[in-house]
There are 2 protein chains.
Amino acid sequence: MNTFTEENYLKAIFKYSTKTKEGVSTNVIADELNTKASSVTDMIKKLSDKKLVIYKKYKGVTLTEKGKKIALSIVRNHRLWEVFLVEKLNFKWDEVHDVAEELEHINSEKLTDQLEIFLDYPKYDPHGDPIPDKNGNFSHHKDVTLSDLSCNEKGIVVGVKEHSSSYLKYLESIDLLLGTEIKVNEVIEFDHTMNISINKKNINISHQASKNLIIKKT
Amino acid sequence: MNTFTEENYLKAIFKYSTKTKEGVSTNVIADELNTKASSVTDMIKKLSDKKLVIYKKYKGVTLTEKGKKIALSIVRNHRLWEVFLVEKLNFKWDEVHDVAEELEHINSEKLTDQLEIFLDYPKYDPHGDPIPDKNGNFSHHKDVTLSDLSCNEKGIVVGVKEHSSSYLKYLESIDLLLGTEIKVNEVIEFDHTMNISINKKNINISHQASKNLIIKKT
DNA sequence: TTTATTTTTTAGATTTATCTAAATTTATTT
DNA sequence: AAATAAATTTAGATAAATCTAAAAAATAAA
Ligand SMILES: [Mn+2]
Ligand SMILES: [Mn+2]
Ligand SMILES: [Mn+2]
Ligand SMILES: [Mn+2]
């Protein structure tokens, strides 16, 4: 099949092809994978030979259907494993990513499908990211963040846009987890600091923090 | 850390160092890993540089404490994952090995230890092979096989010495699983075919089959 | 529309794990 | 003990993934 490296390239291209309509650029991929642009060019050629991507010199790269399918299955694996680690093995939501990065490459359809059954068909991972089903379909949250809310608006936390351990730990420390109800009490005009109510407590939260919290308005 | 390849070499050396007191020979390792003797020599030198094995030219190789510790942790991972696949994900005992070969290399102490807790500290894997604990200790069955039993002796199946899919499927088809009680009715002198009782049925079993069934006498 | 800057590709080198074929050492027979 | 066979190591080659430095193309600025 494909090497871990190839799979990681496909995943990276998939991640950024949802964000632009153009081909994903060499530098973006290099940055995402902590490698050099020249290495990316080499690998892209290889993936192109395998008909997993469409590549035109200097024009970036897009996934073929075949490539997209593989990328989606890696993402599916990754997110299912994250659910497993949190729900069954007592991992915290800031501890799962690195292990899932490895588990996602275990290539067994039976494993993935049975894991999905075992976890009772979860729709979202511990960070609120949607889990593609067997056919690659997935729902996704509207892109509304806490920072989009105005005074007196209410919402429920459904995801995070930033996955760093420090951010996740911070949210946990103030009891701001997925499912938490939030009401906006005040927005400081100067720096957009928000005062919000959660679990009957009032706290202040920076713009940096609020703009990375995905919210469903209620 | 170590590459998958290095870990597989350590595991192979561990497997055969329990079977001889001498160093494990180059050819045995090459055979176990489906590679060439010259490749083994190369890798052994690398492992020796890393102080994971002790190597003397032409004299075979033995594990250092450090190497043994790694080998044991890979075996521990492998067998815990096999239990997981059978007990939680509905895999049959002939389907788990290849997937476990990949899962065993996921390197996270927390993952392994939590998996062990989740599975409630299993002592043996689905094939009856012992699972090392966190410190590398494990019990193991006495090396008595069905073929060692004489007429009218009884025993209980506790493991298999042969792990091929065809053998495991065969055993399952005749309901000869771990935990099954066996009584020997007759042993044909000519070819050691046995007639045995299991679950109130009488069946014949070849020497080839009986010598690979590990038994605890009762 | 030149010039300068950024992005991307190419050329060539390196590292890792592998292989084949030949040389060397050890073990087994005569 | 010499000859033969088997096991092991060495030498040299190859393929994959990476890197640095230089060349080429595309973009942005003057
Ligand atoms: Mn993740
Ligand atoms: Mn996630
Ligand atoms: Mn196994
Ligand atoms: Mn097993």
Side-chain angles (χ1 to χ4, degrees), chain A residues 1-13 15-17 19-63 67 70-71 74 101-102 104-105 107, chain B residues 1-13 15-17 19-63 67 70-71 74 101-102 104-105 107:
Chain A
M1 258 310 292
N2 307 294
T3 64
F4 287 14
T5 311
E6 287 168 350
E7 291 181 349
N8 284 333
Y9 271 88
L10 293 174
K11 196 167 58 130
I13 295 163
K15 176 172 174 182
Y16 286 97
S17 49
K19 292 180 184 170
T20 46
K21 270 160 198 166
E22 334 238 316
V24 181
S25 79
T26 305
N27 261 354
V28 163
I29 299 169
D31 201 62
E32 172 74 14
L33 297 177
N34 296 307
T35 185
K36 296 298 152 77
S38 56
S39 303
V40 174
T41 305
D42 284 346
M43 182 56 79
I44 279 173
K45 283 176 183 165
K46 191 179 166 195
L47 295 173
S48 180
D49 288 346
K50 287 187 159 192
K51 312 280 186 207
L52 298 173
V53 302
I54 292 163
Y55 168 56
K56 280 181 191 144
K57 270 190 198 175
Y58 296 101
K59 297 294 176 190
V61 72
T62 52
L63 293 173
I70 294 170
I74 306 295
E101 277 302 298
E102 301 191 44
E104 69 187 6
H105 300 289
N107 200 333
Chain B
M1 256 311 291
N2 309 293
T3 64
F4 287 14
T5 311
E6 288 168 349
E7 291 181 349
N8 284 333
Y9 271 88
L10 293 175
K11 195 167 59 131
I13 296 163
K15 176 173 174 182
Y16 287 96
S17 48
K19 292 179 183 170
T20 46
K21 270 160 198 167
E22 335 237 316
V24 181
S25 80
T26 305
N27 261 353
V28 163
I29 298 169
D31 202 61
E32 172 74 14
L33 296 177
N34 295 309
T35 184
K36 298 297 152 77
S38 54
S39 303
V40 173
T41 305
D42 283 346
M43 182 57 80
I44 279 172
K45 283 176 183 166
K46 191 179 166 194
L47 295 173
S48 179
D49 289 345
K50 286 186 161 193
K51 313 280 184 208
L52 298 174
V53 302
I54 292 163
Y55 168 57
K56 279 180 191 143
K57 269 191 196 175
Y58 296 99
K59 297 295 175 189
V61 72
T62 53
L63 293 173
I70 294 170
I74 306 295
E101 277 302 298
E102 301 191 45
E104 69 187 5
H105 300 289
N107 199 333

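This one's a predicted model, so the numbers in the text were calculated from it and none came from an experiment. Throughout, protein chains are lettered first and strands after them, A, B, ... in sequence-line order, and every chain is numbered starting at 1.
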Euclidean distance, atom CD of residue A/Glu22 to atom C1' of D/dT27 [Å, nearest integer]: 13 Å
N/O (side chain, A/Lys36) to phosphate O (OP1/OP2, D/dT18) under 4.0 Å: no
Minimum side-chain heavy-atom gap B/Phe4-B/Ile74 below 4.5 Å: no
Nucleotide nearest A/Ser38 when distance is taken to its side chain, options C/dT7, D/dT10, D/dT20: D/dT20
Any side-chain heavy-atom pair of A/Leu10 and A/Leu52 under 4.5 Å: yes
A/Lys50/A/Glu6 salt bridge by N-O under 4.0 Å criterion: yes
Residues A/Ile70, A/Leu63; criterion side-chain contact (heavy atoms from CB on, under 4.5 Å); working and verdict: CA-CA 10 Å; A/Ile70 294 170; A/Leu63 293 173; over 6 Å; no
Rounded interatomic separation in angstrom, taking CG from B/Asp42 and C1' from D/dG12: 12 Å
Rounded interatomic separation in angstrom, taking CG from B/Asp31 and P from D/dA6: 16 Å
Sugar-phosphate only, base, or nothing, as touched by A/Lys45 at under 4.0 Å among non-hydrogen atoms: sugar-phosphate
Selection from C/dT18, D/dC19, C/dT20 that lies nearest to any side-chain heavy atom of A/Thr35: D/dC19
Shortest side-chain distance from B/Ala37, nucleotide among D/dT9, C/dT10, C/dA17: D/dT9
Candidates D/dT18, C/dT10, D/dT8 - which lies nearest the side chain of B/Asn27: D/dT8
Nucleotide D/dT8, atom C1' - distance to CD1 of B/Ile44 in whole Å: 10 Å
Heavy-atom side-chain proximity of A/Asn8 to A/Glu104 below 4.5 angstrom: yes
Nearest-Å distance for atom pair CD/C1', residues A/Glu7 and D/dA16: 16 Å
Residue A/Lys57, side-chain heavy atoms: nucleotide from C/dT20, C/dT10, C/dT8 that is nearest: C/dT10
Pairing partner of D/dA28 (Watson-Crick or G-U wobble, both distances under 3.5 Å): C/dT3
Value in whole Å for how far the P atom of C/dT26 lies from OH of B/Tyr58: 7 Å
Integer-rounded Å distance: C/dA17 C1' and B/Asn2 CG: 15 Å
Touch class at under 4.0 angstrom, heavy-atom based, for A/Tyr55 against every strand present: sugar-phosphate
Side chain of B/Ser39 (C-beta onward), nearest among D/dT18, D/dT9, C/dC19: C/dC19
Sugar-phosphate only, base, or nothing, as touched by A/Lys56 at under 4.0 Å among non-hydrogen atoms: nothing
Touch class at under 4.0 angstrom, heavy-atom based, for B/Thr26 against every strand present: sugar-phosphate
Rounded distance in Å - CE (A/Met43) to P (C/dT9): 15 Å
